[in-house]
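What follows is a single structure, written as structure tokens, with notes after it.
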Protein chains: 2
Amino acid sequence: MYTVKQLSTLAGVTPRTLHHYDRIDLLKPEEVGENGYRYYGQQSLLRLQQILFYRELGFSLESIRDILNRPDFRIVDALEEHRSSLQGRVRRLERLIRTVNETIQHLKGETKMNDRRLFAGFGEEQQEEYARQAEQLYDPETVRASNRKWKSYPVAKKQAILEEGRQVYLDMAAVMSQGPASPEVQAIVERWRVHMDYFWTPGLDQLLELAAMYSQSPDFKANFDQIHPQLADFMGEAVRVYVENQR
Amino acid sequence: MYTVKQLSTLAGVTPRTLHHYDRIDLLKPEEVGENGYRYYGQQSLLRLQQILFYRELGFSLESIRDILNRPDFRIVDALEEHRSSLQGRVRRLERLIRTVNETIQHLKGETKMNDRRLFAGFGEEQQEEYARQAEQLYDPETVRASNRKWKSYPVAKKQAILEEGRQVYLDMAAVMSQGPASPEVQAIVERWRVHMDYFWTPGLDQLLELAAMYSQSPDFKANFDQIHPQLADFMGEAVRVYVENQR
DNA sequence: CTTGACATTGACGTTACGTCATAGTTTATA
DNA sequence: TATAAACTATGACGTAACGTCAATGTCAAG
């Protein structure tokens, strides 16, 4: 059993916050002594953790209370949602970091920057959008279409296409030192995009997804890493720059 | 020249926000028409970008105004500060993600978890703390002491120490597949810590800094990547787990 | 038995806007 | 060219999540 002070230091909040959460029926102590003191136990810890996760993600205390009180609330499911939401937050911060870097280069006169890019990463929370894109990439129809197109080529052409792809990646590895935003690298991204047409024609969002897969899927990454240990990650970065420039 | 609506959509804020910023002398329009309309130009864009960065990082509007109005304010310096602050935020979110994962494992009964770890990543904003650590790591006295100790060894011993270090990293690469939290990996982190004593004796926080440097400093990372393409990043993760367990 | 750290319940203050309401201005379109 | 749609302005009050007192009671240690 924790007292208010103990729980507050444990969780990194103030005692006042716990008073507030009690008042609004968000987190009630499990026991109250005859002196009126609040005492919290294990259940409170897990509930407070959930509250803090939701709060971190921008939920209002009222909606948090409603969520946690729903009879079909499953804590493990919620935690898995938190994970992907937090990962989304990381991606957003990484975009902001890129905006910082580009602005520095812009101010030093090394590159030019349009006004929209000055604010890239600030507004966009769009999590729903992301789900839609992923769906489309893994959509069975997309996969089937891709396979059909690929199978329609004669063997010799297949080999030529694979070799062309390999050459794109080799060329990319050769100019990695120029940086993801360099004209050399961006030209190769363009070649890569054209190359993908042999399989199917991805939209801009799907390009991003593809490049992300190169980093995330272990077997893809292993192949790329044979060419250069950072090629997969670098491709992701270069394609992100490419897509931003296209919009 | 942008109108209120135009700038607001560009920057991802509401018109009301721009009204507010005008009222409190945080962001004044560069021109005001005879009809009272506000018009914003390039200088406003850069200033608004700064405002949004500081706001993102939790500064109050009042302190932002004071910062931006200081005569010695340098925008590029500020942007570089933003970058490292944002990187700190990313690290904090990554700790929260680890807390999510550990909680899930805990609830599934696969591992045990003490109450403190339930809240790891929530309280710690400690940016000041971080600055202090970094200062101590790069502190000239620390560097000199490290050099003195190193130079005091005879040549043969120097070679033996370097070889020992290399062996630690090779062994680490061999057990990477076990995961950063595995006993095998953690045992090698312990060996690594002892090994560091040849140079100087870092505290827990400095261990973290060192491991982070392996990923961030290009020359360090290049060396590590020769052993294994992900060794530097993996070391960082393993050391973080180690430090959390030690506390 | 007193001191200091903790606990309680009000109650008002603060920050960064949201949300109307009222009214004038510009732009698109019929 | 009339008029609606979309923008602009300035109040002024509302709000969320606590912070910050204030007044008072409780407990553990020396």
Side-chain angles (χ1 to χ4, degrees), chain A residues 1-41 44 47-69 119 122-125, chain B residues 1-41 44 47-69 119 122-125:
Chain A
M1 285 289 158
Y2 291 98
T3 68
V4 167
K5 182 73 190 308
Q6 287 165 351
L7 179 56
S8 68
T9 57
L10 184 69
V13 300
T14 68
R16 179 63 172 84
T17 300
L18 295 179
H19 287 163
H20 188 55
Y21 290 175
D22 185 1
R23 171 76 60 94
I24 65 173
D25 294 331
L26 178 57
L27 181 69
K28 294 276 186 196
E30 294 177 22
E31 279 184 36
V32 179
E34 296 192 354
N35 46 20
Y37 283 26
R38 297 170 173 84
Y39 297 104
Y40 299 89
S44 302
R47 188 172 171 107
L48 179 54
Q49 193 206 38
Q50 287 303 308
I51 292 170
L52 295 181
F53 273 125
Y54 279 113
R55 188 182 70 165
E56 174 76 31
L57 294 169
F59 286 72
S60 75
L61 298 186
E62 189 184 0
S63 58
I64 294 174
R65 187 188 52 199
D66 294 345
I67 291 170
L68 296 184
N69 286 345
F119 300 99
F122 278 118
E124 311 124 60
E125 190 83 18
Chain B
M1 286 290 155
Y2 291 97
T3 68
V4 167
K5 182 72 190 310
Q6 286 164 353
L7 180 55
S8 69
T9 56
L10 185 68
V13 300
T14 68
R16 178 64 173 89
T17 300
L18 294 179
H19 288 161
H20 188 54
Y21 291 174
D22 184 3
R23 172 77 58 94
I24 65 173
D25 293 331
L26 178 57
L27 180 68
K28 293 278 187 194
E30 293 176 23
E31 279 184 36
V32 179
E34 295 191 356
N35 47 19
Y37 283 24
R38 298 170 174 84
Y39 297 103
Y40 299 89
S44 302
R47 189 173 170 104
L48 179 54
Q49 193 205 37
Q50 287 303 310
I51 293 169
L52 294 181
F53 273 125
Y54 280 112
R55 188 182 70 166
E56 175 76 31
L57 294 169
F59 287 72
S60 74
L61 298 185
E62 189 184 1
S63 60
I64 294 174
R65 187 188 53 199
D66 294 345
I67 290 170
L68 296 183
N69 287 345
F119 299 98
F122 277 118
E124 310 123 61
E125 187 86 13

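Chain letters run A, B, ... following the sequence lines, proteins first and then strands; every chain starts at 1.
Both B:G36 and A:Y21 lie close to DNA chain D; mapped to their nearest nucleotides by heavy-atom distance, the more 5′-ward contact belongs to B:G36.
Atom pair A:H20:NE2 and C:dC12:C1' shows a separation of 15 Å (rounding to whole Å applied). Residue B:R23 contributes atom CZ, which lies 14 Å from atom P of C:dC17 at whole-angstrom precision. Distance, B:L18 CG to C:dA16 C1': 13 Å, rounded to whole Å. B:E34 places its CD atom 15 Å from the C1' atom of C:dG24, with the value rounded to the nearest Å. We find that NZ of A:K5 is positioned 4 Å from P of C:dC6, with the value rounded to whole Å. One interatomic measurement links the two molecules: CG of B:N35 to C1' of C:dT26, which rounds to 9 Å at whole-angstrom precision. Distance, B:H19 NE2 to C:dC20 P: 17 Å, rounded to whole Å. C:dT14 atom C1' lies 11 Å from atom CD of B:E62, rounded to whole Å.
In this structure, B:R65 contributes its side chain and B:Y21 its backbone to no donor-acceptor pair below 3.5 Å. Between the B:E56 side chain and the A:F122 main chain, no donor and acceptor come within less than 3.5 Å of each other.
Side-chain N/O atoms of A:R38 and base N/O atoms of C:dT8 include no donor-acceptor pair closer than 3.5 Å.
Of all nucleotides in DNA chain D, those with any atom nearer than 4.0 Å to a heavy atom of chain A start and finish, going 5' to 3', at D:dA17 to D:dC27.
When all heavy atoms of B:L10 and A:F119 are compared, the pair lying nearest together is O-CB, 3.7 Å. In plain terms, the two heavy atoms of B:L68 and B:Q50 that are nearest each other are CD2-CB, 3.8 Å. Scanning both residues, A:M1 and A:Q6, for their nearest heavy atoms gives O-OE1, 3.9 Å. A:L48 and A:A11 make their closest contact through CD2-CB, 3.7 Å (heavy atoms, listed as atom of the first residue, atom of the second, distance).
For B:R16, whose side chain is taken as the heavy atoms from C-beta onward, the closest listed nucleotide among C:dA16, C:dG18, C:dT8 is C:dG18.
Heavy atoms from other residues, nucleotides or ligands lying under 6.0 Å from NZ of A:K28 number more than 12.
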